[in-house]
Amino acid sequence: MNNFFESVSAFFSGGDQLPWCSRDIIAGCEKEVAEAPNDASEDTKSEGIMRLSWALVHSRQPDDVQRGIAMLEASIGNTNSPLQRREKLYLLAVGYYRSGDFSRSRQLLEQCLEIAPDWRQALSLKKAIEDRITKDGVIGIGITATAVGLIAGGIAAALVRRN
(Lines give C-alpha, C1' and ligand atoms only; values in the text may rest on other atoms or scores of the structure.)
Protein backbone atom coordinates (compact mmCIF):
# COMPACT_ATOMS: atom_id res chain seq x y z
CA MET A 1 0.00 0.00 0.00
CA ASN A 2 2.91 2.32 0.80
CA ASN A 3 4.33 1.83 -2.71
CA PHE A 4 0.99 2.84 -4.18
CA PHE A 5 0.98 6.17 -2.33
CA GLU A 6 4.63 6.81 -3.26
CA SER A 7 3.94 6.18 -6.94
CA VAL A 8 0.85 8.45 -6.88
CA SER A 9 2.89 11.14 -5.12
CA ALA A 10 5.70 10.83 -7.67
CA PHE A 11 3.16 10.99 -10.50
CA PHE A 12 1.75 14.32 -9.35
CA SER A 13 5.05 15.87 -8.23
CA GLY A 14 6.81 15.42 -11.56
CA GLY A 15 9.56 13.11 -10.34
CA ASP A 16 12.53 14.75 -12.08
CA GLN A 17 15.94 14.43 -10.43
CA LEU A 18 17.24 17.89 -11.32
CA PRO A 19 18.89 19.78 -8.47
CA TRP A 20 17.61 23.11 -7.20
CA CYS A 21 19.87 26.06 -6.53
CA SER A 22 19.50 28.43 -3.62
CA ARG A 23 19.53 32.21 -3.76
CA ASP A 24 22.82 32.23 -1.80
CA ILE A 25 24.63 30.22 -4.45
CA ILE A 26 23.28 32.48 -7.20
CA ALA A 27 24.47 35.55 -5.25
CA GLY A 28 27.92 33.99 -4.88
CA CYS A 29 28.12 33.30 -8.62
CA GLU A 30 26.96 36.83 -9.43
CA LYS A 31 29.65 38.21 -7.13
CA GLU A 32 32.29 36.02 -8.76
CA VAL A 33 31.34 37.29 -12.25
CA ALA A 34 31.13 40.92 -11.12
CA GLU A 35 34.47 40.82 -9.30
CA ALA A 36 36.41 39.03 -12.04
CA PRO A 37 39.54 41.04 -12.74
CA ASN A 38 39.59 42.95 -16.01
CA ASP A 39 42.81 41.19 -16.98
CA ALA A 40 41.31 37.72 -16.35
CA SER A 41 41.43 35.36 -19.32
CA GLU A 42 38.36 34.83 -21.46
CA ASP A 43 38.26 31.21 -20.25
CA THR A 44 38.09 32.35 -16.62
CA LYS A 45 35.30 34.82 -17.39
CA SER A 46 33.45 32.20 -19.46
CA GLU A 47 33.68 29.65 -16.62
CA GLY A 48 32.21 32.14 -14.16
CA ILE A 49 29.36 32.95 -16.53
CA MET A 50 28.69 29.22 -17.05
CA ARG A 51 28.52 28.67 -13.27
CA LEU A 52 26.11 31.59 -12.95
CA SER A 53 24.00 30.28 -15.85
CA TRP A 54 23.89 26.84 -14.23
CA ALA A 55 22.76 28.35 -10.92
CA LEU A 56 20.10 30.50 -12.58
CA VAL A 57 18.44 27.74 -14.60
CA HIS A 58 18.38 25.53 -11.50
CA SER A 59 16.68 28.21 -9.40
CA ARG A 60 13.17 27.95 -7.98
CA GLN A 61 12.53 31.57 -9.02
CA PRO A 62 11.07 31.92 -12.54
CA ASP A 63 12.82 35.29 -13.05
CA ASP A 64 16.20 33.69 -12.33
CA VAL A 65 15.45 30.85 -14.76
CA GLN A 66 14.55 33.39 -17.47
CA ARG A 67 17.78 35.32 -16.82
CA GLY A 68 19.75 32.08 -17.15
CA ILE A 69 18.02 31.25 -20.43
CA ALA A 70 18.75 34.74 -21.78
CA MET A 71 22.44 34.51 -20.80
CA LEU A 72 22.81 31.11 -22.44
CA GLU A 73 20.93 32.14 -25.60
CA ALA A 74 23.21 35.18 -25.92
CA SER A 75 26.40 33.16 -25.49
CA ILE A 76 25.66 30.01 -27.50
CA GLY A 77 26.53 31.66 -30.82
CA ASN A 78 30.08 32.37 -29.59
CA THR A 79 30.72 28.72 -28.72
CA ASN A 80 33.25 26.86 -30.84
CA SER A 81 33.92 23.79 -28.71
CA PRO A 82 31.43 20.91 -29.15
CA LEU A 83 31.74 20.15 -25.42
CA GLN A 84 30.84 23.72 -24.44
CA ARG A 85 27.99 23.76 -26.97
CA ARG A 86 26.66 20.51 -25.50
CA GLU A 87 26.79 21.99 -21.97
CA LYS A 88 25.00 25.18 -23.02
CA LEU A 89 22.34 23.28 -24.96
CA TYR A 90 21.74 21.08 -21.92
CA LEU A 91 21.48 24.06 -19.55
CA LEU A 92 19.09 25.76 -21.97
CA ALA A 93 17.01 22.57 -22.01
CA VAL A 94 16.95 22.59 -18.18
CA GLY A 95 15.85 26.23 -18.21
CA TYR A 96 13.04 25.62 -20.68
CA TYR A 97 12.00 22.51 -18.74
CA ARG A 98 11.86 24.54 -15.50
CA SER A 99 9.80 27.22 -17.24
CA GLY A 100 7.34 24.62 -18.61
CA ASP A 101 8.29 24.81 -22.31
CA PHE A 102 8.73 21.06 -22.72
CA SER A 103 8.75 21.02 -26.53
CA ARG A 104 11.59 23.58 -26.73
CA SER A 105 13.47 21.69 -24.04
CA ARG A 106 13.12 18.45 -25.99
CA GLN A 107 14.35 20.13 -29.21
CA LEU A 108 17.46 21.39 -27.41
CA LEU A 109 18.10 17.96 -25.93
CA GLU A 110 17.91 16.41 -29.40
CA GLN A 111 20.65 18.84 -30.53
CA CYS A 112 22.63 18.00 -27.42
CA LEU A 113 22.31 14.26 -28.06
CA GLU A 114 23.55 14.74 -31.64
CA ILE A 115 26.84 15.88 -30.10
CA ALA A 116 26.92 13.22 -27.35
CA PRO A 117 24.36 10.44 -28.01
CA ASP A 118 25.06 8.51 -24.80
CA TRP A 119 25.15 11.42 -22.35
CA ARG A 120 23.19 10.23 -19.32
CA GLN A 121 22.15 13.64 -18.02
CA ALA A 122 20.55 14.57 -21.33
CA LEU A 123 18.91 11.16 -21.70
CA SER A 124 17.55 11.40 -18.16
CA LEU A 125 16.10 14.87 -18.74
CA LYS A 126 14.60 13.73 -22.04
CA LYS A 127 12.86 10.86 -20.23
CA ALA A 128 11.61 13.26 -17.53
CA ILE A 129 10.17 15.50 -20.27
CA GLU A 130 8.48 12.60 -22.02
CA ASP A 131 7.07 11.37 -18.69
CA ARG A 132 5.80 14.86 -17.91
CA ILE A 133 4.15 15.22 -21.33
CA THR A 134 2.51 11.80 -20.86
CA LYS A 135 1.37 12.72 -17.35
CA ASP A 136 -0.07 16.03 -18.52
CA GLY A 137 -1.92 14.18 -21.27
CA VAL A 138 -3.35 11.65 -18.83
CA ILE A 139 -4.49 14.43 -16.48
CA GLY A 140 -6.04 16.30 -19.43
CA ILE A 141 -7.91 13.19 -20.55
CA GLY A 142 -9.12 12.64 -16.98
CA ILE A 143 -10.40 16.20 -16.71
CA THR A 144 -12.13 15.94 -20.08
CA ALA A 145 -13.72 12.59 -19.19
CA THR A 146 -14.95 14.01 -15.88
CA ALA A 147 -16.43 17.06 -17.59
CA VAL A 148 -18.18 14.90 -20.21
CA GLY A 149 -19.50 12.63 -17.44
CA LEU A 150 -20.86 15.57 -15.48
CA ILE A 151 -22.53 17.05 -18.55
CA ALA A 152 -24.03 13.68 -19.54
CA GLY A 153 -25.20 13.16 -15.95
CA GLY A 154 -26.79 16.61 -15.91
CA ILE A 155 -28.59 15.96 -19.18
CA ALA A 156 -29.79 12.56 -17.97
CA ALA A 157 -31.03 14.07 -14.69
CA ALA A 158 -32.88 16.81 -16.60
CA LEU A 159 -34.53 14.24 -18.87
CA VAL A 160 -35.59 12.09 -15.90
CA ARG A 161 -37.08 15.15 -14.15
CA ARG A 162 -39.08 16.03 -17.26
CA ASN A 163 -40.69 12.65 -17.44
Side-chain angles (χ1 to χ4, degrees), residues 3 5-143:
N3 288 341
F5 288 118
E6 286 176 14
S7 65
V8 168
S9 174
F11 179 80
F12 284 105
S13 67
D16 70 64
Q17 300 298 317
L18 294 172
W20 293 102
C21 191
S22 73
R23 204 51 217 137
D24 294 338
I25 293 172
I26 293 170
C29 292
E30 288 171 332
K31 184 178 178 184
E32 175 189 348
V33 168
E35 293 178 355
N38 289 337
D39 61 347
S41 71
E42 284 302 313
D43 285 344
T44 301
K45 291 177 185 176
S46 179
E47 287 172 15
I49 290 170
M50 279 298 290
R51 279 192 289 279
L52 176 57
S53 298
W54 183 95
L56 289 169
V57 298
H58 286 87
S59 173
R60 291 185 187 271
Q61 304 302 317
D63 291 344
D64 289 342
V65 174
Q66 291 304 315
R67 272 194 328 146
I69 290 172
M71 287 176 66
L72 289 160
E73 292 277 5
S75 70
I76 201 158
N78 304 335
T79 307
N80 296 326
S81 160
L83 182 62
Q84 285 181 342
R85 182 166 176 76
R86 178 194 80 170
E87 292 290 329
K88 288 180 181 182
L89 287 168
Y90 175 76
L91 289 176
L92 275 168
V94 169
Y96 281 108
Y97 175 79
R98 292 279 195 217
S99 62
D101 189 346
F102 303 124
S103 62
R104 180 72 177 129
S105 182
R106 190 167 32 176
Q107 289 171 348
L108 291 162
L109 284 171
E110 292 296 334
Q111 292 177 38
C112 185
L113 290 168
E114 286 175 12
I115 298 168
D118 296 331
W119 194 27
R120 278 196 208 166
Q121 280 181 293
L123 291 169
S124 176
L125 180 57
K126 184 178 177 189
K127 182 176 180 343
I129 290 168
E130 290 166 354
D131 291 348
R132 184 69 183 262
I133 290 170
T134 300
K135 179 187 84 170
D136 289 351
V138 168
I139 290 172
I141 290 169
I143 290 170

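Distance check, rounded to the nearest 0.5 Å: CG of L56 to SG of C21 gives 8.0 Å. To the nearest 0.5 angstrom, M50 atom CE is 6.5 Å from L72 atom CG. Put simply, CD on E87 and CD1 on I115 are 10.0 Å apart, with the number rounded to the nearest 0.5 Å. Here E32 contributes atom CD and I49 contributes atom CD1; the two are 10.0 Å apart, rounded to the nearest 0.5 Å. To the nearest 0.5 Å, atom OG of residue S22 and atom CD of residue Q61 are 11.0 Å apart. The CZ atom of R86 sits 10.5 Å away from atom CG of L91, with the distance rounded to the nearest 0.5 Å.
Shown here for I26 and L52, the closest heavy-atom pair between the two residues is O-CD1, 4.0 Å. Summarising the geometry of L108 relative to A93, their closest heavy-atom pair is CD1-N, 3.8 Å, with the distance given to 0.1 Å. When all heavy atoms of P19 and H58 are compared, the pair lying nearest together is O-CD2, 3.1 Å. For I25 against A55, the heavy-atom pair with the smallest separation is CG2-CB, 4.4 Å. The two atoms that bring C112 and L89 nearest to each other are N-CD1, 3.9 Å, heavy atoms only. Minimum heavy-atom separation, L123 to P117: CD1-O, 3.9 Å.
A salt bridge between D63 and R67 is absent, with no side-chain N of the basic residue lying under 4.0 Å from a carboxylate O of the acidic one.
Between K126 and E110, some side-chain heavy-atom pair lies under the 4.5 Å cut-off. Counting heavy atoms from C-beta on, the side chains of D64 and R23 come closer than 4.5 Å.
Shown are W54, Y96, W119, Y97; of these, the ring pair (Phe, Tyr, Trp, His ring centres under 6.0 Å) with Y90 is made only by W119.
Dense packing is recorded around NZ of K45, with more than 12 heavy atoms of other residues, nucleotides or ligands lying under 6.0 Å away.
Side-chain atoms of S46 never come within 3.5 Å of backbone atoms of E42 as a donor-acceptor pair (strictly under, hydrogens ignored). For the pair S105 (side chain) and D101 (backbone), a donor-acceptor distance under 3.5 Å is absent. No donor-acceptor pair under 3.5 Å is formed between the side chain of S124 and the backbone N or O of R120. At least one donor-acceptor pair under 3.5 Å links the side chain of K88 to the backbone N or O of S75.
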Handout entry: Derivation and outcome, side chain to side chain contact (heavy atoms under 4.5 Å, CB included), residues I69 and R98
Key = CA-CA 10 Å; I69 290 172; R98 292 279 195 217; over 6 Å; no
